[in-house]
Asker: 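I'd like to ask you about the structure that follows.
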Amino acid sequence: MSLTVRLEGLSVGYGDAPVLEPTDLEFPAGSFTALLGPSGCGKSTVLNTVAGFVRPAAGRVTAGSETVLGPGPDRGVVFQHYALFPWRTARGNVEFALKRFGLTRPERRERALAALEEVGLADGARKYPAQLSGGMQQRVALARALAARPEVLLMDEPFGALDALTRSRMQGLLRELWQRSGTTVLFVTHDIDEALALAERVVVLGGSPGRVLADHVVAPGPPDPDLRALIARHLGAG
């Protein structure tokens with residue numbers, strides 16, 4: 001399940017301070033796009049507006065045929081900070097996020113266990129966050145989002161706090177999950193190599209207020225060093 005996401009003349013500001021210049025972008029259903037740029041360029045603002053956490057100053061965001069007016073179950077969000085309840089087990093954290101769907105307790109349990117298995121954490125279902133490594137905690141956060149079966153998955157630098165090896169493993173897991181599910185993914189990062197390793201498209205943002213500097217298709221296979229150098233120049237110029 002997936003939806004096409006569109007930004008139509010979208011601009012965002014906080015008070016009198018503009019954060020994002022009027023922007024038009026389309027993210028086709030089932031696509032994986034990285035929003036790449038330095039801090040303060042508006043990439044997280046774009047994500048939060050698609051999530052429904054931030055209201056546009058002008059323009060609109062649509063998910064499928066619907067205008068985004070607030071958070072919804074069609075859009076799942078994974079943040080850099082896991083935001084897990086320390087007093088709940090991994091399974092309990094995933095189950096808690098499913099309560100809004102009106103599922104029975106057995107149904108919540110079944111979906112939570114299936115999501116934990118999908119992210120390779122079935123054996124850790126009964127463990128508490130303090131008993132899990134950073135990578136495992138992020139797997140719980142990912143399972144929590146996936147258990148809701150979203151049609152759009154929004155990820156805001158979810159692997160930024162992980163060590164290099166764990167980060168690489170999580171990137172591989174995410175690619176596998178996306179290829180199996182076909183969910184539309186928007187992934188915010190400031191790391192060029194991460195963007196090229198994960199996404200099939202890289203939208204480069206920069207400036208203050210933020211604006212789109214470049215929009216590149218990423219060819220399958222090993223990262224292209226020429227594309228990496230070009231993106232680096234975009235960021236340097238932005």
Asker: Take L227 and L196 through the test side chain to side chain contact (heavy atoms under 4.5 Å, CB included) and record every step on the way to the result.
Answerer: CA-CA 9 Å; L227 178 56; L196 293 177; 3.8 Å; yes
Asker: Kindly indicate, with the supporting measurements, whether the criterion side chain to side chain contact (heavy atoms under 4.5 Å, CB included) is fulfilled by K43 and L36.
Answerer: CA-CA 7 Å; K43 56 188 187 297; L36 173 69; over 6 Å; no
Asker: So which heavy atom on G13 is nearest to which on A57, and how close?
Answerer: N-CB, 4.0 Å
Asker: Has the side chain of E200 got a donor or acceptor atom that lies under 3.5 Å from a matching backbone atom of F32?
Answerer: yes
Asker: Can you see which heavy atom on S2 is nearest to which on A29, and at what distance?
Answerer: OG-CB, 3.4 Å
Asker: Check whether E8 reaches the backbone of V61 with its side chain - one donor and one acceptor, N or O, closer than 3.5 Å.
Answerer: no
Asker: Check this for me: R105, atom CZ, are more than 12 non-hydrogen atoms of other residues, nucleotides or ligands nearer than 6.0 Å?
Answerer: no
Asker: Quick one: does any side-chain atom of N48 pair with a main-chain N or O of V54 as donor and acceptor, under 3.5 Å?
Answerer: no
Asker: L7 vs F27, test: side chain to side chain contact (heavy atoms under 4.5 Å, CB included). Steps then yes/no.
Answerer: CA-CA 9 Å; L7 314 184; F27 307 104; 4.2 Å; yes
Asker: Roughly how far, to the nearest 0.5 Å, is CD of Q179 from CG of L174?
Answerer: 9.5 Å
Asker: Would the distance check show the side chain of W178 and the main-chain N or O of G30 forming a donor-acceptor pair, the cut-off being under 3.5 Å?
Answerer: yes
Asker: Is it the case that more than 12 heavy atoms not belonging to M170 sit under 6.0 Å from its CE atom?
Answerer: yes
Asker: Anything under 30° is parallel, anything over 60° is perpendicular, the rest tilted; go ahead and classify F85 against F96.
Answerer: perpendicular
Asker: Strictly distance-based, threshold 3.5 Å: is any side-chain N or O of R108 a donor or acceptor partner for the main-chain N or O of L103?
Answerer: yes
Asker: Answer yes or no: are there more than 12 heavy-atom neighbours, outside E110 itself, under 6.0 Å from its atom CD?
Answerer: no
Asker: Looking at CG of L162 and CD of Q80, how far apart are the two atoms once the value is rounded to the nearest 0.5 Å?
Answerer: 8.5 Å
Asker: Looking only at heavy atoms, which two atoms of H234 and L213 are closest? And how far apart?
Answerer: O-CD1, 3.5 Å
Asker: If I take atom CG from residue L198 and atom OG1 from residue T33, how far apart are they, to the nearest 0.5 angstrom?
Answerer: 12.0 Å
Asker: Can you give me the closest heavy-atom contact between P38 and L235, atom names plus distance?
Answerer: CD-CD2, 4.0 Å
Asker: Nearest heavy-atom pair of V204 and I231: which atoms, and what distance?
Answerer: CG2-CG2, 4.0 Å
Asker: Which of these passes side-chain contact (heavy atoms from CB on, under 4.5 Å) with L205: L35, V188, T23?
Answerer: L35
Asker: Quickly, which of E151, E66, R149 forms a side-chain contact (heavy atoms from CB on, under 4.5 Å) with D74? Name it, please.
Answerer: E151
Asker: Surrounding CZ of R180 (heavy atoms of other residues, nucleotides or ligands, distance under 6.0 Å), is the total greater than 12?
Answerer: yes
Asker: Identify whether the distance between the nearest side-chain nitrogen and carboxylate oxygen of E107 and R111 falls below 4.0 Å.
Answerer: no
Asker: Heavy atoms only: give me the nearest G135-T166 pair and the separation to one decimal.
Answerer: CA-CG2, 3.6 Å
Asker: Would you check, one step at a time, whether the test side chain to side chain contact (heavy atoms under 4.5 Å, CB included) holds for R91 with L113?
Answerer: CA-CA 7 Å; R91 193 193 82 203; L113 289 173; 3.8 Å; yes
Asker: Is D191 salt-bridged to R167, going by a charged N under 4.0 Å from an acidic O?
Answerer: yes
Asker: Checking Q171 now: which residues fulfil side-chain hydrogen bond (donor to acceptor under 3.5 Å, both in side chains) with it, not counting sequence neighbours?
Answerer: E194
